[in-house]
Every structure is written in structure tokens, then in C-alpha cells.
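First comes the structure, then the notes that go with it.
Note: hydrogens, waters and symmetry copies are ignored here, and every other heavy atom, side chains too, is used.
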Amino acid sequence: MKKVILTLLIGGFMMTGLSAKTAFVYFSATGTTERMAKDAAKAMGADIFEIQPVHKYTDADLNWHDKKSLSSIECNDPKSRPAIANKIDITGYDTVVVCYPIWWAYAPKIVYTFVESQNWAGKKMITLCTSGGSGLGRSGTDLSKFAKGVDFKGGKVFTRGSGADVKKYVEGLLK
């Protein structure tokens, strides 16, 4: 009888591990982050969702040399939360990998909109970003502060690297 109970318990733990679901959620204004997120999700066999802004960012909106560009204005306003056009539900996922470009050393404010709109209780979060020159900075830990109840596992810049590289990194964090 003890062997049967032990076998059932071990089987239950194994099933739980196998049924753990991962989602990649990304925001990309130029396509760089989108490529990284899609390659990584494919390598991991994970689901993928795009954060789609109500207002699509134009080249002029992304001009960081212009203090009046939309992205500059958003980045300088800590309360800025651009609207999201689509609904993303992370309810059925154990781990959510949030992917975004680095804008002025931070995640774009629309990523904060997404993070604040979700129930993170009991979930793990990993952040991955792309960047033209900056590092991850505090962007991941900053986002995790707005994800109430999340278990933040860490983050990394993946401007270059394959889906297999991302998979190895993510799996290492989840061990």
C-alpha cells in the first residue's frame, strides 16, 4: 500500500512538472523583440502573445532625439500607461516570460500597462529584453514590483542569440 501511495505521489509531482505551462508575452515596436520572442517561444514549445498598442508607434514616435516624441513623453512620465488594443490572459500559465525593448534604460510603459492588468499570484516571471546598446538595467525588477505576488526569477538582454540560447537561460532559471 505504501508503494502505491508513493508511486501515486511521485506520478503526481511528475505530472505537475510536465503540465507546467510557459507563455511568452512581448511588445515590439520595430520587430527586433518580436523575432527574439517568437524564436524563443518556438524553441521552448511555449505559447506566445503580442502586446498590441492602441496607438501604433511610428518612426517619429520612437525618435529618442526628440523630447516631444511619444516614446520620450511616455518614458519621462512615471504614470504613463498606454492603452493595449488586445486582451491577454495569463491565467493558465505557471511561468510568463515578458519580452520588450529597452527604452531609456526602462521597459516601455505599455509593458507596465500589461503587467498591472494581470493576476500574478503564484506565477513566475522572467524578463528578456532587446537593446541597441543598453543593458537590462533595473527594468526587470522594476516591472516585478508592479506584478503583485509574482516570483521574479531574473532577466537578461537577448538582442543577439538564438531561441536555443534563450531556452537554455530560461530553463536554468526555473531549476
Side-chain angles (χ1 to χ4, degrees), residues 22-41 46-91 93 95-121 123-163 165-166 169-170 173:
T22 299
F24 278 71
V25 178
Y26 73 92
F27 168 72
S28 184
T30 64
T32 303
T33 304
E34 178 180 22
R35 282 187 296 278
M36 179 268 295
K38 285 183 175 180
D39 288 349
D47 294 334
I48 188 159
F49 303 94
E50 178 184 8
I51 299 169
Q52 300 171 354
V54 167
H55 172 85
K56 301 286 185 204
Y57 291 87
T58 66
D59 288 342
D61 292 333
L62 298 172
N63 182 358
W64 59 276
H65 294 290
D66 180 0
K67 291 181 182 177
K68 294 182 182 179
S69 73
L70 182 58
S71 58
S72 295
I73 292 168
E74 289 175 4
C75 286
N76 287 317
D77 179 1
K79 294 182 182 178
S80 176
R81 296 296 185 267
I84 297 175
N86 59 320
K87 178 148 177 67
I88 299 170
D89 183 7
I90 62 168
T91 303
Y93 298 92
T95 301
V96 179
V97 182
V98 181
C99 307
Y100 51 89
I102 287 291
W103 287 2
W104 297 263
Y106 297 98
K109 297 299 178 148
I110 194 164
V111 179
Y112 287 82
T113 304
F114 164 72
V115 167
E116 290 176 340
S117 73
Q118 302 295 317
N119 178 355
W120 292 93
K123 298 190 183 312
K124 297 174 187 85
M125 177 198 285
I126 296 169
T127 57
L128 303 178
C129 69
T130 57
S131 172
S134 304
L136 180 71
R138 295 185 337 241
S139 65
T141 54
D142 284 352
L143 281 172
S144 71
K145 292 175 188 173
F146 292 90
K148 304 294 185 216
V150 78
D151 178 10
F152 179 61
K153 301 309 252 178
K156 187 173 180 176
V157 175
F158 269 100
T159 303
R160 291 163 196 78
S162 68
D165 294 333
V166 174
Y169 175 74
V170 169
L173 289 177

When you measure from the side chain of [X] to the backbone N and O of [Y], does any donor-acceptor pair fall under 3.5 Å?
{"X": "Ser72", "Y": "Asp66", "answer": "yes"}
{"X": "Asn86", "Y": "Gln52", "answer": "yes"}
{"X": "Tyr169", "Y": "Gly155", "answer": "yes"}
{"X": "Ser71", "Y": "Asp61", "answer": "yes"}
{"X": "Gln118", "Y": "Ile88", "answer": "yes"}
{"X": "Thr95", "Y": "Lys124", "answer": "no"}

What's the separation between atom [atom1] in [X] and atom [atom2] in [Y], rounded to the nearest 0.5 Å?
{"X": "Thr32", "Y": "Phe158", "atom1": "OG1", "atom2": "CZ", "result": "15.5 Å"}
{"X": "Asp165", "Y": "Lys156", "atom1": "CG", "atom2": "NZ", "result": "8.0 Å"}
{"X": "Ile90", "Y": "Thr22", "atom1": "CD1", "atom2": "OG1", "result": "12.0 Å"}
{"X": "Lys38", "Y": "Glu50", "atom1": "NZ", "atom2": "CD", "result": "7.0 Å"}
{"X": "Asn63", "Y": "Leu70", "atom1": "CG", "atom2": "CG", "result": "12.0 Å"}

message: Pair Cys129, Val157 - check side-chain contact (heavy atoms from CB on, under 4.5 Å), show working.
response: CA-CA 5 Å; Cys129 69; Val157 175; 3.5 Å; yes
- request: Taking the six-membered ring for Trp and the full ring for Phe, Tyr or His, determine whether the centres of Tyr57 and Phe27 are under 6.0 Å apart.
  value: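 Aromatic pair counts; centres sit under 6.0 Å.
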Testing the basics here: between [X] and [Y], what is the closest heavy-atom pair and its distance to 0.1 Å?
{"X": "Ser117", "Y": "Phe114", "answer": "OG-O, 2.7 Å"}
{"X": "Lys67", "Y": "Ile73", "answer": "O-CG1, 3.9 Å"}
{"X": "Thr91", "Y": "Lys123", "answer": "O-NZ, 3.1 Å"}
{"X": "Arg138", "Y": "Thr141", "answer": "O-OG1, 3.0 Å"}
{"X": "Ser80", "Y": "Glu74", "answer": "OG-CG, 3.5 Å"}
{"X": "Met36", "Y": "Cys99", "answer": "CE-CB, 3.9 Å"}

Non-hydrogen side-chain atoms of [X] and [Y] separated by less than 4.5 Å:
{"X": "Thr130", "Y": "Arg35", "answer": "no"}
{"X": "Val111", "Y": "Phe146", "answer": "no"}
{"X": "Tyr100", "Y": "Leu143", "answer": "yes"}
{"X": "Thr58", "Y": "Lys56", "answer": "no"}
{"X": "Ile110", "Y": "Ile84", "answer": "yes"}

query: Crowded around Lys68 NZ? As in, over 12 foreign heavy atoms under 6.0 Å?
result: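 Atom NZ in Lys68 is not packed in, count stays at 12 or less.
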message: Would you say CG of Asp59 has more than 12 non-hydrogen atoms from neighbouring residues, nucleotides or ligands within 6.0 angstrom?
response: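 Open: at most 12 neighbouring heavy atoms sit under 6.0 Å from CG of Asp59.
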- prompt: After noting the C-alpha distance and the side-chain angles of Phe49 and Tyr93, does the key distance pass the side-chain contact (heavy atoms from CB on, under 4.5 Å) rule?
  reply: CA-CA 12 Å; Phe49 303 94; Tyr93 298 92; 3.4 Å; yes
- prompt: Stepwise, does the side-chain contact (heavy atoms from CB on, under 4.5 Å) test hold for Phe24 with Leu128?
  reply: CA-CA 10 Å; Phe24 278 71; Leu128 303 178; 4.1 Å; yes
task: Indicate whether the side chain of Asp142 and that of Ser139 have a donor and an acceptor atom separated by less than 3.5 Å.
output: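 Side-chain D/A pair, Asp142 to Ser139: absent.
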- request: Would you tell me whether Ser131 and Thr159 have side-chain atoms, one donor and one acceptor, within less than 3.5 Å of each other?
  value: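 No donor-acceptor contact under 3.5 Å links the two side chains.
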query: Going through the distances and angles, do Lys148 and Trp120 end up as a side-chain contact (heavy atoms from CB on, under 4.5 Å)?
result: CA-CA 6 Å; Lys148 304 294 185 216; Trp120 292 93; 5.9 Å; no
